[in-house]
Amino acid sequence: MQSTKNLLKLPLNGSVGIVGSGISSLFFTYFLNLKRPDLKITLLEKNKYERVGGWIYTKYTNKKVKLEKGPRTLRGRNIGTSLIINSMIKMNPKVKDELVFVEGTSDANRKFLVDFKNPKELVEVPPTDMSLFFKFMKSGLSDGLIKSIFHDIFSSSKAKNCESVYDFMVRRFGDDRLVNNVISAVFFGIYATDVKELSMNYCLPKLVDLEKKHGSIIMGALKKDETSAKDEIRTLEKFAKTLNIEDEYIKKIYKDLKDLPLIGFKKGMSTMPNTVANYLLQKPNIDIKYGYNVQKLHINKSDKNNVELPTIKINDDLTFDHVHLSTIPQDLKINHNDLTSYLESLGKGTNVLLINIFHPTKNFIKDSLKSFGFLVPKSNNSKLLGVIFDSVIETNFKPLYPSTNTETNVKKDFFTNQDYTKMTMMVSCDGLNKSDISYEDYKETFVKKTLLNQLRIPESEVMEIMNDTNFLVEYTFANNSIPKYAPNIGFSSDKSKDIRTILEKDLLYNNNISVGGFKFASGPGMPDVVVQSFDAANRLN
Ligand SMILES: Cc1cc2nc3c(=O)[nH]c(=O)nc-3n(C[C@H](O)[C@H](O)[C@H](O)COP(=O)(O)OP(=O)(O)OC[C@H]3O[C@@H](n4cnc5c(N)ncnc54)[C@H](O)[C@@H]3O)c2cc1C
Ligand SMILES: *[C@@H]1O[C@H](CO)[C@@H](O)[C@H](O)[C@H]1NC(C)=O
Ligand SMILES: *[C@@H]1O[C@H](CO)[C@@H](O)[C@H](O)[C@H]1NC(C)=O
Ligand SMILES: *[C@@H]1O[C@H](CO)[C@@H](O)[C@H](O)[C@H]1NC(C)=O
Ligand SMILES: *[C@@H]1O[C@H](CO)[C@@H](O)[C@H](O)[C@H]1NC(C)=O
Ligand SMILES: *[C@@H]1O[C@H](CO)[C@@H](O)[C@H](O)[C@H]1NC(C)=O
Ligand SMILES: CC(=O)N[C@H]1CO[C@H](CO)[C@@H](O)[C@@H]1O
């Protein structure tokens with residue numbers, strides 16, 4: 001491996017090709033352009049229609065109803081959220097007026113789980129008062145809890161090399177009740193995949209290290225972790241330097257955002273990619289080519305004596321000094337065997353059917369269930385992964401910067417009638433093709449059953465709702481979406497030994513390719529991929 005010192009600088013006025021125009025690509029372009037405004041950057045986007053953002057997609061129906069077809073929440077706790085928000089405000093200060101949030105104490109921050117012992121009874125987690133605590137303890141969710149706690153504290157089992165989340169939890173807690181009844185649901189909510197198929201090193205590297213250090217994750221969690229607070233400060237200072245803003249300013253914003261469970265945009269998540277794209281496309285040296293499907297990448301290293309940078313060829317057609325793979329197509333043909341085998345081992349991402357539901361004048365969600373929504377643990381043995389109560393979130397949003405926002409009530413930006421229902425259901429469709437899915441069956445199995453069972457609407461009323469022409473049900477098949485971060489791929493809790501770090505270095509220093517997106521970031525979320533873009537762009541400078 002070559003050292004960083006040998007890294008040639010990208011030539012003046014050099015050309016950079018970027019695969020994809022999702023949020024990773026857009027932010028990579030932004031960060032690179034800040035440092036190197038001379039570079040000519042071309043984004044290559046497979047889709048023919050002129051839309052950036054990839055999975056991020058806010059759709060407005062012909063009746064102006066806003067539906068999120070992909071992600072909808074930024075978490076303030078994730079340091080990448082501060083990077084996103086500071087960057088966006090820098091691009092366009094008017095973004096401040098678009099930012100909304102949900103407070104920790106809001107109904108929209110409550111979460112429920114389905115109890116396998118009584119699937120019609122949603123149980124709030126974590127229980128926040130005595131009566132909720134008793135309800136939790138009586139439910140199937142708390143099965144084996146006390147035993148699990150003791151087992152974690154007193155058992156001295158050692159971690160195996162590449163454990164799944166499931167195996168880790170079983171080893172720590174002595175049996176699989178806690179993971180099946182509670183923990184699995186959280187993983188469904190984030191990865192849409194079973195805990196047995198997820199690498200512990202990938203998903204929770206900090207917990208793996210806590211166990212190594214303290215022999216117990218509970219004891220480890222009780223110790224104050226000062227290194228991570230220091231890391232956070234260092235990371236914020238790095239952000240500030242690149243964005244050319246004051247350290248103190250970015251630290252203050254992080255402090256403000258850190259405790260906010262949900263951050264969004266009044267007009268939806270697409271505000272994020274659109275803001276970045278609008279900013280970038282004002283630059284004469286940045287361009288997006290739509291309808292360009294990258295299938296092949298050839299790294300030209302043929303001329304050993306060439307002191308100039310070798311070039312990289314895409315689809316035997318375009319040539320660049322540097323290529324950034326903001327997304328890595330599963331079937332990409334590239335003359336780099338290690339990357340190819342990594343892509344093969346990741347395989348196809350998970351398939352999820354998203355069902356958006358909307359009723360303009362009826363609120364189906366009872367006060368006692370007002371929340372972010374509910375998740376379904378593995379023990380329930382259902383394809384339903386979870387349901388998000390969008391209307392509860394929207395009606396609890398508040399403007400983040402009210403001062404710049406003369407007295408606008410955020411709620412008025414949404415549906416004017418307060419009594420409406422908007423929900424998103426997520427159903428696992430792994431191993432299925434789009435054509436295998438009968439939407440009518442899914443409507444019966446999932447939409448109707450959820451209204452009946454979890455929302456506890458009387459059957460006659462449910463029938464009426466299902467027949468109501470105002471009741472909107474839309475289906476989106478998310479094919480090959482979140483990668484399956486399986487245990488044996490080479491993820492390590494030690495970043496320097498992780499397959500991603502190793503590949504990333506080799507690709508960059510020996511082949512002039514940088515990588516990003518959720519096949520390389522530290523997590524699958526939007527803030528994770530944007531931080532990955534930030535680091536990738538900085539490594540080039
Ligand atoms: C259903 C769902 C819900 C989610 N919810 C959340 C959430 O609430 N919070 C959160 O933080 N994250 C969430 N995520 C994750 C989030 O969507 C991702 O982190 C983020 O969108 C990844 O962006 P990206 O730019 O890396 O990739 P993508 O969004 O996949 O963008 C890649 C782009 O590249 C294009 N492309 C692909 N192949 C080629 C090719 N061969 N040639 C040219 N172009 C190509 C694609 O068309 C696309 O535009 C969710 C993901 C999904 C699927
Ligand atoms: C590789 O580069 C050499 C010269 O630098 C050129 O002659 C050759 O055509 C290139 N090959 C490809 C596949 O681009
Ligand atoms: C899962 O929950 C549904 C209700 O949504 C219920 O009908 C089903 O019986 C439950 N399955 C198990 C195995 O608990
Ligand atoms: C999906 O469809 C493709 C061809 O369209 C087929 O090769 C594949 O086997 C199908 N997969 C499943 C799980 O049905
Ligand atoms: C709903 O519509 C179906 C036919 O589409 C009809 O058979 C049924 O009686 C209707 N139910 C209600 C409650 O209106
Ligand atoms: C789903 O993704 C796979 C792998 O990327 C692809 O081969 C297939 O054509 C896609 N199917 C649909 C319906 O888009
Ligand atoms: C900028 C960059 O990464 N340059 C590298 C391109 O690849 C050659 C080897 O093929 C390296 O020597 C350069 O450092």
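Every number for a ligand or one of its atoms is a count from 1 in the order of the listing. The model shown is predicted, which means the values in this text are computed figures rather than measured ones.
- In the candidate list T327, D528, L26, T327 is nearest to atom 32 (C) of ligand 1, counting heavy atoms.
- The N293 neighbourhood of ligand 1 comprises atoms 40 (C), 41 (N), 42 (N), with distances under 4.0 Å to a heavy atom of that residue.
- Between F520 and Y342, the ring center distance clears the sub-6.0 Å criterion.
- Nearest non-hydrogen protein atom to atom 1 (C) of ligand 1 is L354 CD1, 3.7 Å.
- By the ring pair (Phe, Tyr, Trp, His ring centres under 6.0 Å) test, F31 pairs with F27, F534, sequence neighbours left out.
- Scanning all protein heavy atoms for the shortest distance to atom 15 (C) of ligand 1 gives P524 O, 3.3 Å.
- When only non-hydrogen protein atoms are considered, atom 53 (C) of ligand 1 lies nearest to S481 CB, 3.7 Å.
- Checked by distance only, ligand 1 and V294 come closer than 3.5 Å through their nitrogen or oxygen atoms.
- For atom 23 (O) of ligand 1, the closest non-hydrogen atom of the protein is I23 CG2, 3.6 Å.
- Test V387, T476, T424, V473 against I355 for side chain to side chain contact (heavy atoms under 4.5 Å, CB included) and you get one pass: V473.
- When only non-hydrogen protein atoms are considered, atom 45 (C) of ligand 1 lies nearest to K46 CB, 3.5 Å.
- Every residue two or more places apart in sequence or in another chain was checked for a ring pair (Phe, Tyr, Trp, His ring centres under 6.0 Å) with Y57, and none qualifies.
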message = Test side chain to side chain donor-acceptor pair (under 3.5 Å) on D430 and T350; report intermediate values, then the result.
response = CA-CA 6 Å; D430 269 342; T350 184; 3.1 Å; yes

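- Between N47 and ligand 1, at least one N/O pair is under 3.5 Å apart.
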I'd like the atom pairs linking ligand 6 to the protein - N or O on both sides, separation under 3.5 Å - with distances to 0.1 Å.
unit_1   : atom_1 : unit_2 : atom_2 : d
ligand 6 : 2 (O)  : N479   : OD1    : 3.4
ligand 6 : 2 (O)  : N479   : ND2    : 2.4
ligand 6 : 5 (O)  : N480   : ND2    : 3.0
ligand 6 : 11 (N) : N479   : ND2    : 2.8
ligand 6 : 14 (O) : N479   : ND2    : 3.2

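- A parallel orientation is assigned to the rings of F28 and H324, their planes being inclined by less than 30° (bins at 30° and 60°).
- Among all protein heavy atoms, the one lying closest to atom 12 (N) of ligand 1 is M526 N, 3.4 Å.
- Residues K196 and V165 fail the side-chain proximity criterion, which asks for heavy atoms closer than 4.5 Å.
- Among the candidates L83, L99, V95, the single residue satisfying the side chain to side chain contact (heavy atoms under 4.5 Å, CB included) test with M88 is V95.
- The closest protein non-hydrogen atom to atom 21 (O) of ligand 1 is W55 CB, 3.8 Å.
- Comparing heavy-atom distances from atom 7 (C) of ligand 1 across S326, G80, P329, P71 singles out P71 as nearest.
- In this structure K90 satisfies the salt bridge (charged side-chain N to carboxylate O under 4.0 Å, His left out) test with no other residue, sequence neighbours excluded.
- For Y279 and Y30, the distance between ring centers is under 6.0 angstrom.
- A donor-acceptor pair shorter than 3.5 Å can be found between the side chains of Y420 and E394.
- Given atom 48 (C) of ligand 1, the protein heavy atom at minimum distance is E45 OE1, 3.5 Å.
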